Amino acid sequence: MTSSTQPSGDLARLNALRMEIERHQRLYHGLDSPEISDAQYDALVRELEALESQLSGTGSSVAGDSPLQRVGYSAAREFQQVEHALPMLSLNNVFGQEELSQFGERLATLLGMASAEGLAFACEPKVDGLAVSIRYEHGLLVQAATRGDGSIGEDVTENVRTIRNLPRRIQDASVASFDQGTSKPAVSARVPRVLEVRGEVFMAKTDFNNLNAMQQKAGGKVFANPRNAAAGSLRQLDSAITAARPLRFVVYGLGVVSESDLMPKSHSEAMAWLGAMGLPVASQRAQEVGLDGVWEFVSEIQAGREALDFEIDGVVIKLESFALQEKAGFVSRAPRFAVAYKFPAEEVSTRLLAIDVQVGRTGALTPVARLDPVRVAGVMVSNATLHNADELHRKDIRVGDMVWVRRAGDVIPEVLGAIHALRPPGAKPFEWPLRCPACQGPIERVEGEAAHRCVSGLSCPAQQRQAIEHFVHRRAMDIEGLGEKRISQLLEAGLVSRISDLYSLRFVDIAGLEREGDKSAQNLIDEINRSRKTSLSRFIYALGIRHVGERTARDLALHFQSLERLRQADQASLMQAPDVGPVVAESVVNFFAEPLQSQEVDRLAGQIEFPQVDDRPAVAPAQAGPLSGRTVVLTGTLSTMTRDAASDWVMRLGGKVVGSVSAKTGFLIAGADAGSKLAKAESLGVAVMSEQDFLKLVEEAQGGD
Ligand code: IVH
């Protein structure tokens with residue numbers, strides 16, 4: 001992250017950050033109404049942490065009240081205050097496997113051990129709700145308090161009593177397990193005279209959606225997310241309102257236990273004990289020895305995150321042994337024996353270094369942010385889309401700003417907005433170009449469309465180039481080995497200036513290029529030749545007609561059955577094809593009517609044959625396929641398809657591909673030379689499928705398509 005090198009600039013930034021963080025703390029904790037996501041908040045905190053430690057080293061004065069010194073937020077005056085008998089602490093966060101290992105190694109050193117390999121850890125999901133401490137005396141729920149600032153919380157006893165999965169009275173473990181029909185009690189223990197349990201009040205995703213729908217209908221407050229809904233529902237002065245809200249509780253720890261002889265020896269033992277008393281404990285829990293197992297649990301939970309009916313933002317990892325926990329101790333506001341593994345932030349802030357305007361395949365101009373490289377969701381990002389001119393101006397994003405960047409799943413990274421409080425002086429609004437940056441041709445804006453477009457079509461080099469990239473793409477003509485770099489080389493050498501030129505390339509042309517070997521040149525020639533036979537649906541998609549994606553291309557191929565018939569179709573007959581409306585129909589007609597494009601299609605049609613109309617099923621994730629609800633791991637080398645293609649198929653069959661094998665893995669698909677994953681699957685009794693078995697499934701699905 002670049003920041004001013006002058007200490008005074010850094011100090012100003014430090015203060016601006018502190019104010020910004022405090023504002024968000026107020027919005028989040030005080031008003032249950034955040035303006036930014038948790039990931040964005042975490043990113044701000046990380047930046048402030050770095051700046052505070054950097055400045056404290058330079059002797060600059062960073063004294064003063066830092067929002068990082070506080071846990072949570074002061075109790076609101078409307079509620080009675082409760083002083084916690086034992087402070088309610090926070091957890092330090094780690095991001096990524098490396099920081100997790102560092103946590104383990106630090107702990108091991110602290111405990112005088114050579115490594116973390118022999119340490120036992122308890123792992124459980126980090127439920128995204130709000131922390132509450134609940135006190136039982138003689139088995140009766142007598143008090144409940146929010147965390148507040150960690151020492152003093154808000155009295156929410158009446159409200160917590162309305163939570164339906166929380167017993168108001170707890171009983172001896174032996175009785176409770178007997179009640180549940182277990183003949184032998186798992187844990188036999190008396191309920192202590194005073195028992196404090198700590199856990200999270202939260203709202204299930206489905207309950208949250210229903211609540212919001214109801215609120216909207218009734219004109220009430222609509223909540224931003226389940227956490228805010230839970231907090232807003234719990235912090236009601238009228239407990240009748242809370243009672244009407246679908247809150248839940250999950251226990252994750254102990255506070256005061258009056259009789260020390262009743263105290264369990266480890267975290268898992270404590271959870272079993274509390275569970276046996278009838279308290280709700282997390283069902284996804286694991287005990288792992290060493291960090292490899294912990295990492296596996298983390299990966300598994302992360303992979304299954306979406307499917308859970310409650311929101312989690314990470315995994316909490318705690319030393320099992322209470323004796324070792326005590327030995328490890330605490331630092332300021334957090335224990336040393338536990339840590340929150342936060343899932344990779346999908347939103348982070350970084351500096352916007354420049355804005356370039358790119359010309360897309362169909363001439364659309366897109367502003368692209370050049371960023372100070374930053375890790376987002378585990379991947380380094382240095383470019384992100386700013387969508388279009390309107391967005392750019394509406395959000396008032398300027399070069400030099402600190403901006404929020406998001407990357408969710410496989411989606412292209414995008415800039416969400418700027419942090420205006422941190423804007424450097426002199427930053428100017430971006431000036432939109434008046435001509436196409438690639439060909440200097442005119443640009444136009446169609447009424448009702450967000451994008452500006454270069455109207456030069458294939459005579460614009462940017463559009464030409466992207467037409468080629470699209471044409472050869474894996475999902476189009478699937479010409480392997482023609483990446484951006486090689487296309488650039490071919491264009492620069494003048495060997496190719498339009499798509500059809502690919503089919504006149506000779507071995508000597510390619511082998512003569514810089515850094516080109518005979519073998520790879522021949523491979524490319526083979527690939528190009530292989531593409532001379534393809535399906536009509538792939539070819540239609542490969543042409544890159546505006547509004548014609550893979551699915552429409554397939555529909556058109558199946559409907560018209562030949563390229564000639566498609567080319568001759570007028571708008572009305574195009575609209576006879578399934579799902580083709582006036583916009584698509586017009587776009588197809590215009591495409592083939594354009595003389596340059598029409599000539600190009602003629603040339604291509606002379607080179608390519610279509611033995612098949614379509615060669616793949618519709619692209620839609622299966623609701624109920626043979627793999628539905630199963631996680632699948634791919635390993636080894638597959639001989640009939642790429643990993644990508646295999647993953648696509650797993651998805652179409654209803655399954656989900658994950659990276660590592662565990663007891664919960666549904667299937668392992670093992671290609672040639674499968675190694676440790678196969679061994680592990682076998683040792684865990686996970687079903688192993690050969691490539692042949694998998695192909696059978698695929699073929700069956702194709703047959704039924
Ligand atoms: S253990 C000493 N376990 O995360 C602190 N916390 O950032 C003990 N949380 O305040 C906390 N799920 O509100 C723990 N399984 C879990 C948790 C969990 C959610 C929350 C809790 C805590 C915060 C720490």
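Remember, it's 1-based here, ligands and their atoms both numbered in the order they're listed. Keep in mind it's a predicted model, so treat the numbers as computed, not measured.
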Counting non-hydrogen protein atoms only, what is the nearest one to atom 13 (O) of ligand 1? Give residue, atom name and distance. Glu200 OE1, 2.6 Å
Check contact between Pro335 and ligand 1, using heavy atoms of the residue and a distance below 4.0 angstrom. yes
Any luck finding a side-chain donor-acceptor pair between Arg198 and Ser133 under 3.5 Å? yes
Which is closest to atom 3 (N) of ligand 1 in terms of heavy atoms, Lys318, Arg333, Lys126? Lys318
Within the 6.0 Å centroid threshold, strictly below: Phe249 and Phe202: no
Check each heavy atom of Leu91 against ligand 1 and say whether those closer than 4.0 Å belong to the side chain, the backbone, both or neither. both
Does an N or O anywhere in Val127 fall below 3.5 Å from an N or O of ligand 1? yes
Ligand 1 contact by Arg198, heavy-atom criterion under 4.0 angstrom: no
Taking 4.0 angstrom as the limit and counting only heavy atoms of Leu89, give me the atoms of ligand 1 inside it, by number and element. 2 (C), 5 (C), 10 (O)
Results of side-chain contact (heavy atoms from CB on, under 4.5 Å) for Thr109 - residues two or more places apart only: none
Glu83 and Ser151: side chain donor to acceptor below 3.5 Å: no
Heavy-atom contacts with Pro125 under 4.0 Å: which atoms of ligand 1 show up? List them by number with element. 12 (N), 15 (N)
Is the shortest heavy-atom distance from the side chain of Phe343 to the side chain of Arg305 under 4.5 Å? yes
Identify the residue among Trp295, Phe297, Phe103, Phe95 that makes a ring-ring contact (aromatic ring centres under 6.0 Å, His included) with Tyr341. Trp295
Nearest to atom 18 (C) of ligand 1, what protein heavy atom do you find, and at what distance? Tyr252 CE2, 3.5 Å
Considering only protein heavy atoms, which is closest to atom 10 (O) of ligand 1, and at what distance to one decimal place? Arg147 NH1, 2.9 Å
Contact region, Met88 to ligand 1, non-hydrogen atoms below 4.0 Å, reads neither
List the residues meeting side-chain contact (heavy atoms from CB on, under 4.5 Å) with Thr665, not counting sequence neighbours, and say none if there are none. Thr631, Val633, Val661, Ser662, Val686
What atoms of ligand 1 come within less than 4.0 Å of a heavy atom belonging to Glu124? 3 (N), 15 (N), 16 (C)
For the backbone of Gln143 and the side chain of Arg135, can you confirm whether one donor and one acceptor N or O come within less than 3.5 Å of each other? no
